[in-house]
Structures are given as C-alpha cells and as structure tokens.
Amino acid sequence: MDNVEKLQWFERYVDQENKIESKDWMPDAYRKTLIRQIAQHAHSEVVGMLPEGNWITRAPSLRRKAILIAKVQDEGGHGLYLYSAAETLGVSRDALVNELLEGKAKYSSIFNYPALTWADIGAIGWLVDGAAIVNQVSLQRTSYGPYSRAMVRICKEESFHQRQGYEVLISLCRGGNEAQKKMAQEALNRWWWPSLMMFGPSDKESTHSAQNMAWKIKRHSNDELRQKFVDMTIPQAEYLGLTVPDPNLKWNDATGHYEFGEIDWTEFNEVVKGNGPCNKQRLEDRRKAHANGQWVREAAMAYAEKKAAKAEHIAA
Ligand code: FAQ
C-alpha cells in the first residue's frame, strides 16, 4: 500500500470505531498530536499532585490525611500510566519529563492556582476532578488503544477523588458552622472559573479540535464538555447551599441547559503562557522533587542490574 492507501485504510478503520494500536500504521500528524496530548495529560497529573501535596501535613484529621495521601498517590500513578501510553508512540518518558522540567511542556492551567485553605482541597476534588472526569469519560472512547485503556482505570479512580472532595465540602457546608461554610464559598469562588478553563479554548479558538475529532482522538468538543460539566455541577452546588460566582448563570428551559457567563480568556492565556499565580513555584517544586528522587531512580536501576546479573549467573 502507498501512503494514500494507508491513510484511507486508517480513516476507514477509525470511522468503524476500531482502536489503533502502537504497531499499526498511523499518519505522522496523528502520532504527533497524540504524544502532545498524552504528555500534557501526564504532566498535569504529576504537577497536579503539588497543590494537594501541600496539604498532607495540614489535613484536619488522621482520616483526612490518609485519604489525601491515597489520592495524591493515585495521581502519581495516573502520570505513570500516561507516560507509558505515550512511550508506545515511540517517545521516551525521560524525554517528556525533561521537557516539563525545562519549562517547554504544557500542563493543565488549573494547577497554577494556589490551594489556600482546607476547603480548597474539597473544591479541587469536587470541581477539578469533576471536570477531569467529564473530559476523561469521553476519552475512554478515544481511537488510540493504549490511551483509551489507561482512561478506563483512571476514570474509576477519579470518581473516588471527586466524591472525597465533595464529601469534604458537605462536612464544611452542612455541619452548622458558618465560618466553615464561608471558607467553602470562598474556595468555590476561587476554583469555579479556572475549572471551566480546564476544558480549553472555545471551539472556535481551538486549534486541534477539528482534526482530532475527525480522527476520534477527541469525542466531544471543548464547549460541549464544558456545558456538560456546568449542567452536572450546578445542582451539586445547590445541595451544598453554595452560590456559583456567575451573575449570568441561568437555567434555560428551552435548551435544557444552564447558560453561563463569558470566561476571562485573557486570564486563561496568561496562565497558559506561564504567568499564572503559581506557574514558577510549580516548576521549581517539580524540579526539586525530581532532583530529590534521583537516589531512588539510581537505587532502582542498581537493584535491577544486580537482579539481572544474578539471574544470568544462575542460568550459566
Ligand atoms: N491548560 O486546540 P486545543 C486532572 C492548550 S487531569 C493548558 O483545544 P486540545 C487530574 C492546548 O494544549 C487535567 N493548556 O487543544 C487531576 C493547545 O496547546 P498546544 C488534564 C491548555 O488538545 C485532578 C492549545 O491550548 N487533562 O486534572 C488547556 O485539542 C485533580 C489549544 O487548545 C487532560 O490533559 C488548559 N486547560 O484540547 C490531577 C485531558 N486547554 O499543544 C490532580 C486530556 C488547552 O497546541 C488533581 N487533554 N490548552 O501548544 C485533552 O482532552 C485536551 O488536550 C484538552 C485541550 C481538552 C485539554
């Protein structure tokens, strides 16, 4: 088959809802955009550990601490599944991690905002994991097999994450303590708009959507997923007795959806460019964590070599 025939095969195969596997032929642009998206996703999970990691030592009880440790650990695991999925496309994890550490790679804008109070930990689970799930449930049906399979497992764990966040907020909002409820409201005020930004630019500004939807990498557009998230989340806010910080928010009976105000795209673009409240701190912390983990990587390598030499010795 020449390249034109290969492309026709590929597009037909994807149209029929088949999964592309790592050894299948794929257009270079498909490989490139998948590496881009999966790597950004992996980096987001790993950088996403930082705002919450900061609260492990300050969690209000032993139970909350144990739950938060488990959640943050899951996020590290998600990063690993995703780096592994990216490696099946022919790029090394080291190369991807270096791009992140050198400040050349993108990761989700949301992790450049600070977690100022314990209520922010609730808001991160409820809103950030909530938004991540809406996006990732649709990615379970992405056309690239290894990415799709990683998403299935990640979504199961994210559902637990979302519930733990919501449960933190239920305790703060329905316990009868006005100061705690105020803290929860302030966290919602801080995290609402950045959570909507997680879905990316509007459809008319999104550079990759058209091609990536045609290749079934993305199954829904940025605006469709954002709307789904808003529709799902407003009743949850009402149950908590909190007010979503958007004066233009209103239910539309005719469409069966909530209408909401305009996102501050200037803020979004600034955060993506590196000028958000915590971009510099996040990268510095990530670099420090990577350097502090050097001895662990060296020890693991030394152990693997020792084990291999022993196996060779026994075999000989
Ligand atoms: N932040 O053409 P599009 C999580 C960039 S995981 C920064 O629309 P696309 C778990 C985009 O990369 C959260 N940059 O792009 C957790 C592109 O730049 P490029 C991460 C953004 O790819 C929870 C440019 O703008 N989830 O939270 C953002 O078709 C709690 C043009 O945009 C994923 O990564 C943004 N928000 O659609 C962990 C899901 N949005 O590469 C800890 C997988 C857009 O041309 C605690 N990714 N950009 O330089 C996706 O679904 C897609 O990549 C989108 C963007 C929807 C994010």
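Quick caveat: nothing in here was measured; it's all calculated off a predicted structure. Counting starts at 1 for both ligands and their atoms, in listed order.
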Point to revise | Of the listed options Lys218, Glu52, Gln37, Met197, closest to atom 55 (C) of ligand 1 (non-hydrogen atoms) | key: Lys218
Check your understanding: Do NZ/NE/NH1/NH2 and the carboxylate oxygens of Glu21 and Lys23 come within less than 4.0 Å?
Key -> no
Point to revise | Pair Glu270 + Lys273, salt bridge at N-O below 4.0 Å | key: yes
Exercise for review: Check the pair Lys182, Glu186 against salt bridge (Lys or Arg N to Asp or Glu O under 4.0 Å), reporting the backbone distance first and the verdict last.
Suggested key: CA-CA 6 Å; Lys182 183 166 173 277; Glu186 286 167 359; 3.1 Å; yes
**Study point:** Under-4.0 Å salt bridge between Arg12 and Asp15
**Key:** no
Check your understanding: Is Glu259 paired with Lys250 through a side-chain N to carboxylate O contact shorter than 4.0 Å?
Key -> yes
Practice item. Run the numbers on Tyr83 and His43 for ring-ring contact (aromatic ring centres under 6.0 Å, His included), then give the verdict. Key: CA-CA 9 Å; Tyr83 285 126; His43 300 326; 5.6 Å; yes
Check your understanding: Starting from atom 35 (C) of ligand 1, which protein heavy atom do you reach first, and at what distance in Å?
Key -> Ser109 OG, 3.6 Å
Study note, to complete from the structure: Looking at Lys106, Arg219, Gln211, the heavy atom closest to atom 19 (P) of ligand 1 belongs to Lys106
Exercise for review: State the atoms of ligand 1, each with its element, that fall below the 4.0 Å cut-off from a heavy-atom position in Tyr147.
Suggested key: 43 (C)
Check your understanding: Who's the nearest protein heavy-atom neighbour of atom 23 (C) of ligand 1, and how far?
Key -> Asp129 OD1, 3.3 Å
Check your understanding: Any idea how Tyr81 and His78 line up, ring-wise: parallel (<30°), tilted (30 to 60°), or perpendicular (>60°)?
Key -> tilted
Practice item. Indicate, as side chain, backbone, both or neither, the part of Arg36 found under 4.0 angstrom from ligand 1 when only non-hydrogen atoms are considered. Key: side chain
Practice item. Quick one: look at Thr207 and ligand 1, take heavy-atom pairs under 4.0 Å, and tell me if it's side chain, backbone, both or neither. Key: both
**Study point:** Residues Tyr107 and Asn112: side-chain donor-acceptor under 3.5 angstrom
**Key:** yes
**Study point:** Shortest protein contact, atom 21 (C) of ligand 1 (heavy atom only)
**Key:** Phe268 CZ, 4.0 Å
Review point. Going by the order shown, which atoms of ligand 1 are within less than 4.0 Å of some heavy atom of Gly200?
Key: 40 (N), 44 (C)
Point to revise | Mutual orientation of the aromatic rings belonging to Phe199 and Phe229 [parallel < 30°, tilted 30-60°, perpendicular > 60°] | key: tilted
Point to revise | Enumerated ligand 1 atoms positioned under 4.0 Å from heavy atoms of Ser44 | key: 13 (C), 20 (C)
Exercise for review: Run the contact test for Thr33 against ligand 1 with a 4.0 Å cut-off on heavy atoms, strictly below, and give the result.
Suggested key: no
Practice item. Answer side chain, backbone, both or neither: which part of Phe199 comes under 4.0 Å from ligand 1, heavy atoms only. Key: backbone
Check your understanding: Counting only heavy atoms, which portion of Val271 has something under 4.0 Å from ligand 1: side chain, backbone, both, or neither?
Key -> neither
Point to revise | Flag, side chain of Asp129 to backbone of Glu158, donor-acceptor distance under 3.5 Å | key: no
Review point. Does any donor atom in the side chain of Tyr144 or Ser22 lie under 3.5 Å from an acceptor atom in the other side chain?
Key: no
Review point. With the threshold set at 4.0 Å, does a side-chain nitrogen-carboxylate oxygen contact exist between Lys71 and Glu167?
Key: no
**Study point:** Protein contact to atom 7 (C) of ligand 1 [nearest heavy atom, distance to 0.1 Å]
**Key:** Tyr107 O, 3.3 Å
**Study point:** Nearest neighbour in protein (non-hydrogen) for atom 51 (O) of ligand 1
**Key:** Asn135 ND2, 3.0 Å
**Study point:** Ion pair Glu157/Arg153, N-O distance below 4.0 Å
**Key:** yes
Point to revise | Which residue and heavy atom of the protein sit nearest atom 57 (C) of ligand 1, plus the separation | key: Met198 O, 4.0 Å
Check your understanding: So between His208, His43, Arg226, whose heavy atom ends up nearest atom 45 (O) of ligand 1?
Key -> His208
Revision key, fill the gap. heavy-atom search around atom 3 (P) of ligand 1 in the protein gives Ser206 OG, 3.4 Å
**Study point:** Minimum-distance protein heavy atom relative to atom 44 (C) of ligand 1
**Key:** Pro201 CD, 3.6 Å
Review point. Which atoms of ligand 1 are found less than 4.0 Å from any heavy atom of Glu158?
Key: 10 (C)
**Study point:** Residue portion contacting ligand 1 (non-hydrogen atoms closer than 4.0 Å) for Leu225
**Key:** neither
Exercise for review: With heavy atoms of Glu45 as the reference, note each atom of ligand 1 found under 4.0 Å away.
Suggested key: 6 (S), 10 (C), 16 (C), 38 (C)
Exercise for review: Check the pair Asn212 / Thr33 against side-chain hydrogen bond (donor to acceptor under 3.5 Å, both in side chains), numbers first and verdict last.
Suggested key: CA-CA 8 Å; Asn212 289 1; Thr33 196; 3.1 Å; yes
Practice item. Name the option, out of Met151, Lys273, Glu75, Glu205, that contains the heavy atom nearest to atom 46 (C) of ligand 1. Key: Glu75
Study note, to complete from the structure: Under 4.0 Å between heavy atoms, the region of Phe111 that gets near ligand 1 turns out to be side chain
